[in-house]
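Values reported hereafter were calculated over all heavy atoms of this structure, with side chains retained and with hydrogens, waters and symmetry mates removed. So you know, we letter chains A, B, ... as the sequences are listed, proteins then strands, and number each from 1.
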Protein chains: 2
Amino acid sequence: MAKIKENSTNNLNRKYIITDCNLTYSICMVGGRWKLLILCNLENGKLRFGELRSKICNITERMLTLHLRELENDGIVKRTVYAEVPPKVEYELTDIGRELIPIWEQLSNWGEKHRAMTRPE
Amino acid sequence: MAKIKENSTNNLNRKYIITDCNLTYSICMVGGRWKLLILCNLENGKLRFGELRSKICNITERMLTLHLRELENDGIVKRTVYAEVPPKVEYELTDIGRELIPIWEQLSNWGEKHRAMTRPE
DNA sequence: TATGGTACATACAAAAAAGTAAGTAATGGC
DNA sequence: GCCATTACTTACTTTTTTGTATGTACCATA
């Protein structure tokens with residue numbers, strides 16, 4: 001999230017895996033702690049920064065900003081700034097971002113099933 | 001992976017998110033650096049520890065062991081030990097593990113498409 | 001008796017991710 | 001002039017993940 005060391009084994013391995021495997025590449029795109037929660041909240045339309053912050057309880061402004069920046073850089077989320085004071089910024093899913101929705105619905109179902117299997121009442 | 005501090009904000013947030021969101025829960029299951037590469041390699045049947053190690057270049061024995069343990073604990077991979085010397089251990093996907101295959105194929109396609117979009121030649 | 005193969009375990013170090021606390025800019029309303 | 005609002009920064013600390021290096025058990029074979 002912050003600075004990474006370009007030539008660390010860690011970073012080189014990450015690059016190697018991402019290059020090698022589309023699947024790992026995809027997972028990395030949405031792999032940050034809060035990213036999926038952000039994306040889920042955007043599923044039904046645009047939200048302002050402050051709306052996201054209050055919908056996702058426990059997230060700090062710093063984390064929200066960092067994840068949104070990454071999602072924006074990765075073309076999954078679109079950011080629109082309105083020239084107003086106080087500032088108004090809206091976030092929404094891009095087309096390629098929306099294409100994740102049916103996939104994550106399945107993943108979510110899998111999770112529910114898995115959870116039921118491993119922790120039966 | 002190693003010891004975690006039960007009451008750190010970091011850990012509490014992780015628990016909270018996982019409890020709250022099946023999707024994040026699912027992603028956490030396969031979120032480790034090498035997990036998906038391991039799972040992909042098991043897609044076509046059982047493999048021994050040493051086979052996995054040589055198929056996944058750059059992975060260390062420690063990382064392979066750690067990830068396999070987690071996948072086993074999460075019921076995604078099954079471990080079979082043969083009472084032989086030298087030891088022989090085989091790994092394979094469980095039923096719930098196999099149910100991820102169609103999902104990760106879609107994710108993989110998404111990744112390919114996304115990659116083409118963001119880095120067109 | 002020494003050696004080799006297999007699947008690990010352990011102690012430690014480096015790197016990355018997440019969290020904390022405080023500050024900033026712009027401007028409209030009081 | 002002062003304060004409130006919004007969407008951020010920045011500097012720093014803590015926690016977690018990843019990687020390095022080395023050691024272990026077991027027994028068959030040389």
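- Of the listed nucleotides (C:dA18, D:dT16, C:dA7), C:dA7 has the atom at the smallest distance from the side chain of B:Pro87.
- The interatomic distance linking A:Glu61 (CD) with C:dA18 (P) rounds to 18 Å, in whole Å.
- OP1 or OP2 of C:dC8 lies within a sub-4.0 Å distance of a side-chain N or O belonging to B:Arg69.
- Residue-to-nucleotide proximity on DNA chain D shows that, of B:Asn58 and A:Val81, the 5′-proximal contact is made by A:Val81.
- When all heavy atoms of B:Arg53 and B:Ile59 are compared, the pair lying nearest together is O-CG2, 4.2 Å.
- As a whole-Å value, the separation of A:Ile59 CD1 from C:dG19 P is 8 Å.
- Rounded to a whole Å, the CG atom of A:Leu66 is 14 Å from the P atom of C:dT20.
- Going from atom CD1 of B:Ile4 over to atom P of D:dT14 covers 19 Å, rounded to whole Å.
- Residue B:Glu90 forms a side-chain contact (heavy atoms from CB on, under 4.5 Å) with just one option from B:Lys46, B:Glu51, B:Arg79, and that option is B:Lys46.
- D:dA7 atom C1' lies 11 Å from atom CG of A:Leu68, rounded to whole Å.
- As a whole-Å value, the separation of A:Arg62 CZ from C:dA21 C1' is 12 Å.
- Here the nucleotide nearest the side chain of A:Pro86, chosen from C:dA9, C:dT10, D:dT5, is D:dT5.
- Among the atoms of the strands shown, only primed sugar atoms or phosphate atoms (P, OP1, OP2) are found under 4.0 Å from some heavy atom of B:Arg79.
- Taking atom OH of A:Tyr82 as the reference point, atom P of C:dG28 lies 19 Å away to the nearest angstrom.
- At least one side-chain nitrogen or oxygen of A:Thr9 sits closer than 4.0 Å to the OP1 or OP2 atom of D:dT20.
- Contact check, A:Ser8 against C:dA16: a side-chain N or O comes under 4.0 Å of OP1 or OP2.
- At a threshold of 4.0 Å, the pair A:Glu92-A:Arg98 does not count as salt-bridged, since none of the basic side-chain nitrogens sits closer than that to a carboxylate oxygen.
- For A:Lys88 and D:dT6, the shortest distance from a side-chain N or O to OP1 or OP2 is not below 4.0 Å.
- With DNA chain D read from its 5' end, the first of the two nearest nucleotides for B:Trp34 and A:Tyr91 is the one closest to A:Tyr91.
- Note on A:Arg48: only backbone sugar-phosphate atoms sit closer than 4.0 angstrom, heavy atoms only; bases stay farther off.
- Side-chain proximity of B:Val85 to the nucleotides D:dC8, D:dC27, D:dT18 is greatest for D:dC27.
- One interatomic measurement links the two molecules: CG of B:Leu12 to P of C:dA17, which rounds to 21 Å at whole-angstrom precision.
- You'll find that the side chain of A:Val89 is closest to D:dC8, out of D:dT20, C:dA15, D:dC8.
- The existence of a salt bridge linking B:Glu70 and B:Lys35 is confirmed by a sub-4.0 Å separation between a basic side-chain nitrogen and an acidic carboxylate oxygen.
- Taking side-chain N and O atoms only, A:Arg33 has no distance below 4.0 Å to OP1 or OP2 of C:dA16.
- Using a 4.0 Å cut-off between charged nitrogen and carboxylate oxygen, A:Glu99 and B:Lys113 count as a salt-bridge pair.
- Heavy-atom distances to DNA chain C give each of A:Asn11 and B:Glu51 a nearest nucleotide, and the one nearer the 5′ end belongs to B:Glu51.
- The side chain of A:Asn13 places an N or O atom within less than 4.0 Å of a non-bridging phosphate oxygen (OP1 or OP2) of D:dG19.
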Problem - Candidate pair A:Arg33 and B:Asn13, rule side-chain hydrogen bond (donor to acceptor under 3.5 Å, both in side chains), full reasoning - result: CA-CA 9 Å; A:Arg33 163 80 43 104; B:Asn13 275 345; over 6 Å; no
